Amino acid sequence: MMKKRKGYDVYPLTAAQKFHFFYLDHCPNKAVVNIGTSLTIEAELDFDVLRESILKAYERSESMRLQFAKDKEGVWYQYVVDEVKQEIPLEDFSRTTMEEAEATMRKWTQVPFKREDSPMSRMVMIKTPDGFSGVYLLADHVIMDAQSLICFLKDIIEIYCNRMYENVAYPKDMASYIEQLKKDLAYEAGSKAKARDEEFFHKMIESSEPIYNGIDGTAKLELERDRRNMPGLRAAVNVSDSVESDLDIFHLEGEPTKRLMDFCKEKQISLTCLLLMGLRTYFQKMNGNDDVSINTAIARRATLKEKKCGGTRIHSFPFRTVISQEKKFIDALFEIRDQQNELFRHANYDPVAYFAHRGQVYQNPQGCTYEPMALTYQPMTLKEKGLDQLGDIRYKTKWYPNGATTQAMYLTVMHRPEDNGLDFNFEHQVKAVSRKQLEYMYYYLCKIMFKGIENPNLSVGDILKLV
């Protein structure tokens with residue numbers, strides 16, 4: 001391993017980080033790895049105490065102090081600095097409109113970080129026109145994912161509340177990022193676990209070839225076959241020639257959301273399974289294939305240390321299901337659950353290695369894929385994680401698009417703080433997928449899920465007749 005950097009120990013990148021660097025290299029817009037979010041509460045804040053709380057949270061989190069540098073061969077590595085030297089300014093939007101405030105934060109989100117030897121996050125304290133106050137956080141995906149973001153914001157709030165209110169306990173320590181990093185690197189360095197996972201994925205890839213399903217039918221696949229004069233081709237180009245993206249959000253109310261959640265609880269399946277079932281059945285309806293593949297993100301935060309170590313731990317793998325229309329809706333759900341559990345057991349494997357092996361086996365033309373979209377469900381909310389001590393103080397979270405994506409369509413499903421209803425956040429390439437297509441898909445996704453939970457013993461084919 002190379003020497004130190006500025007007196008700090010240096011470490012190679014993890015598989016999850018390499019994945020981000022991999023598409024970063026291929027994307028002209030370097031803001032593609034930016035995550036911008038705001039958290040505001042309906043309360044007067046003491047901004048001096050808030051600033052101290054933010055700095056304290058940085059001090060408690062190794063991953064938020066990560067920096068990167070390149071060696072002579074151009075290979076990136078990482079190290080953790082002792083302190084993050086940054087101003088934490090206050091931006092007062094209270095005299096503007098909500099639209100103007102959001103447009104400004106969107107602009108902030110679209111500025112990429114200087115990558116070498118520089119902090120990979122920045123924070124601004126904000127006052128918004130609706131009488132709320134809080135923070136805006138911009139972070140680079142190579143140091144943070146959605147779960148570590150929530151963990152970090154929660155830490156700031158708990159430190160602040162401990163300072164401001166009696167009987168609010170000081171939060172327990174964060175877990176060490178470096179300790180977790182060493183475990184990941186030991187896994188990568190030829191461990192038995194890695195060999196087992198590799199065998200699992202190779203067997204799965206080699207068993208048979210998936211097929212591409214389009215958002216509104218088989219047209220893209222047919223086009224690809226004609227264009228290349230390859231009538232047996234099963235993959236298609238899913239992305240457009242532009243990475244320009246937009247974010248379209250559809251809201252499911254609190255009451256219907258509760259019906260979905262209650263069903264999942266009763267049947268002991270996760271909401272992810274129900275969402276996957278709904279999505280795959282939609283593609284089955286549109287394309288006439290029983291065989292459907294969708295990329296799914298796996299958080300890899302099973303242990304308490306993994307949950308609290310920060311960083312980016314998401315691995316994304318294709319999730320393929322072959323479910324005939326004769327199968328009962330509920331049996332299909334159980335099949336998805338079992339398959340998901342199996343995938344979780346092997347999820348430390350490097351997704352880049354997965355795709356490389358699949359590419360060698362099926363030798364598809366460059367840029368072709370089987371997956372029309374990716375799905376992430378974010379179950380973690382600030383509410384259930386210790387913010388209840390604030391009583392009924394209302395709070396809001398908002399995500400700001402960075403303006404670029406290398407995927408045609410990425411769906412993130414999360415809970416709204418106000419009513420615990422679901423927000424379906426579709427980030428999509430403007431030229432690959434239109435809002436109209438998304439509206440249609442969202443409409444049918446909901447119909448399939450609700451018909452399915454109302455009639456779980458009906459076959460998939462019968463559910464499709466009902467929608």
Side-chain angles (χ1 to χ4, degrees), residues 20 23-24 26-39 93 96-113 128 136-141 144-146 149 213-217 219-220 236-252 275 278-279 282-283 286 294-297 314 316 367 369 371-378 396-416 421-446:
H20 295 310
Y23 66 78
L24 188 65
H26 295 82
C27 188
N29 183 342
K30 300 305 178 192
V32 69
V33 284
N34 279 8
I35 305 172
T37 180
S38 64
L39 166 68
F93 291 116
T96 62
T97 64
M98 231 27 219
E99 288 75 41
E100 286 170 303
E102 282 173 7
T104 301
M105 288 186 266
R106 198 182 262 236
K107 268 205 194 94
W108 291 347
T109 308
Q110 295 175 0
V111 179
F113 285 97
T128 50
Y136 164 86
L137 167 63
L138 177 65
D140 192 298
H141 221 329
M144 181 178 259
D145 57 30
L149 177 134
N213 292 275
I215 185 170
D216 45 15
K220 266 188 183 168
V237 172
N238 190 42
V239 292
S240 68
D241 57 5
S242 161
V243 296
E244 186 197 340
S245 76
D246 207 350
L247 183 68
D248 281 305
I249 306 174
F250 301 99
H251 308 286
L252 186 65
L275 290 164
L279 289 165
Y282 168 80
F283 284 107
M286 298 305 290
I294 290 168
N295 279 319
T296 60
I314 290 177
S316 188
T369 183
E371 288 80 32
M373 66 174 297
L375 168 73
T376 304
Y377 165 56
Q378 184 50 263
K396 293 180 186 178
T397 48
K398 191 160 171 65
W399 295 78
Y400 302 94
N402 58 32
T405 177
T406 53
Q407 305 182 57
M409 170 167 57
Y410 191 125
L411 168 61
T412 306
V413 181
M414 22 200 349
H415 292 274
R416 271 191 309 283
L422 288 172
D423 275 351
F424 289 74
N425 300 276
F426 286 95
E427 189 184 6
H428 59 102
Q429 288 183 346
V430 178
K431 283 174 77 174
V433 182
S434 70
R435 179 172 170 104
K436 207 172 168 150
Q437 286 172 305
L438 292 174
E439 275 173 5
Y440 186 84
M441 176 172 163
Y442 171 71
Y443 172 77
Y444 275 105
L445 167 62
C446 288

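Predicted model only: the values in this text are computed from it and were never measured. Only heavy atoms go into these numbers, but all of them, side chains included; no hydrogens, no water, no symmetry mates.
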Do the rings of Y136 and Y400 sit parallel, tilted or perpendicular, given the 30° and 60° boundaries? tilted

Output for pair (S316 OG, Q407 CD), nearest 0.5 Å, gives 6.5 Å

- [ ] Go through the steps for N213 and M286 under the test side-chain contact (heavy atoms from CB on, under 4.5 Å), then give the verdict.
- [x] CA-CA 8 Å; N213 292 275; M286 298 305 290; over 6 Å; no

When rounded to the nearest 0.5 Å, the distance separating CZ of F250 from OH of Y442 is 8.0 Å

- Query: Does the side chain of Y410 pick up a donor-acceptor pair with the side chain of T376 at under 3.5 Å?
  - Reply: yes

Would N34 and Q110 count as a side-chain contact (heavy atoms from CB on, under 4.5 Å) if you check the C-alpha gap in whole Å, the side-chain angles of each, and the deciding distance to 0.1 Å? CA-CA 7 Å; N34 279 8; Q110 295 175 0; over 6 Å; no

Kindly indicate, with the supporting measurements, whether the criterion side-chain contact (heavy atoms from CB on, under 4.5 Å) is fulfilled by M409 and M441.
CA-CA 12 Å; M409 170 167 57; M441 176 172 163; 4.1 Å; yes

Test your reading of the model: is there a side-chain donor-acceptor pair from S245 to the backbone of H428, 3.5 Å cut-off? no

Donor-acceptor contact below 3.5 Å, side chain H20 vs main chain Y23 = no

Rounding to 0.5 Å, atoms CG (D248) and CG (L438) come to a distance of 6.0 Å

Working for salt bridge (charged side-chain N to carboxylate O under 4.0 Å, His left out), residues E102 and R106 = CA-CA 6 Å; E102 282 173 7; R106 198 182 262 236; over 6 Å; no

Closest heavy-atom pair, Q437 versus I215, reported as atoms and distance to 0.1 Å, is NE2-CG2, 3.7 Å

d(H141 NE2, I35 CD1) to nearest 0.5 Å is 4.5 Å

Note: Q429 and S240 closest approach over all heavy atoms is OE1-N, 2.8 Å

Between the CZ atom in F426 and the CG atom in L411, the distance rounded to the nearest 0.5 Å is 4.5 Å

| request: Return yes if some donor-acceptor pair links the side-chain N/O of N238 with the main-chain N/O of A408 below 3.5 Å, else return no. | output: no

>> Do F424 and L445 make a side-chain contact, defined as non-hydrogen atoms from C-beta onward lying under 4.5 Å apart?
In response: yes

| So do V243 and P28 actually touch side chain to side chain, heavy atoms under 4.5 Å? | yes

Could you tell me if the side chain of F113 sits less than 4.5 Å from the side chain of L138, heavy atoms only? yes

Quick one, D423 with H251, criterion side-chain contact (heavy atoms from CB on, under 4.5 Å). Give me CA distance, side-chain angles, the key distance, then yes/no.
CA-CA 5 Å; D423 275 351; H251 308 286; 2.6 Å; yes

Closest non-hydrogen atoms of T109 and P401, given as atom of the first, atom of the second and distance, are CG2-O, 3.8 Å

Between the NZ atom in K431 and the OG atom in S242, the distance rounded to the nearest 0.5 Å is 5.5 Å

Worksheet item: Taking C-beta and beyond as the side chain, do H415 and L422 meet within less than 4.5 Å on heavy atoms?
Response: yes

query = Is the backbone of F283 close enough, under 3.5 Å, to the side chain of Y444 for a donor and an acceptor to pair up by distance?
reply = no

Note: C446 and L252 closest approach over all heavy atoms is SG-CD1, 4.4 Å

Evaluate the side-chain proximity of M144 to L137: yes if any heavy-atom separation is below 4.5 Å, no if none is.
yes

* Asked: Do the non-hydrogen side-chain atoms of Y443 and Y282 ever get within less than 4.5 Å of each other?
  -> no

Does V32 offer a backbone N or O that forms a donor-acceptor pair with the side chain of N402 under 3.5 Å? yes

Check whether K30 reaches the backbone of L24 with its side chain - one donor and one acceptor, N or O, closer than 3.5 Å. yes

Exercise for review: Kindly indicate whether the side chain of T406, heavy atoms from C-beta on, has any atom under 4.5 Å from the side chain of V239.
Suggested key: no

Does a donor on one side chain sit under 3.5 Å from an acceptor on the other, for T405 and E427?
no

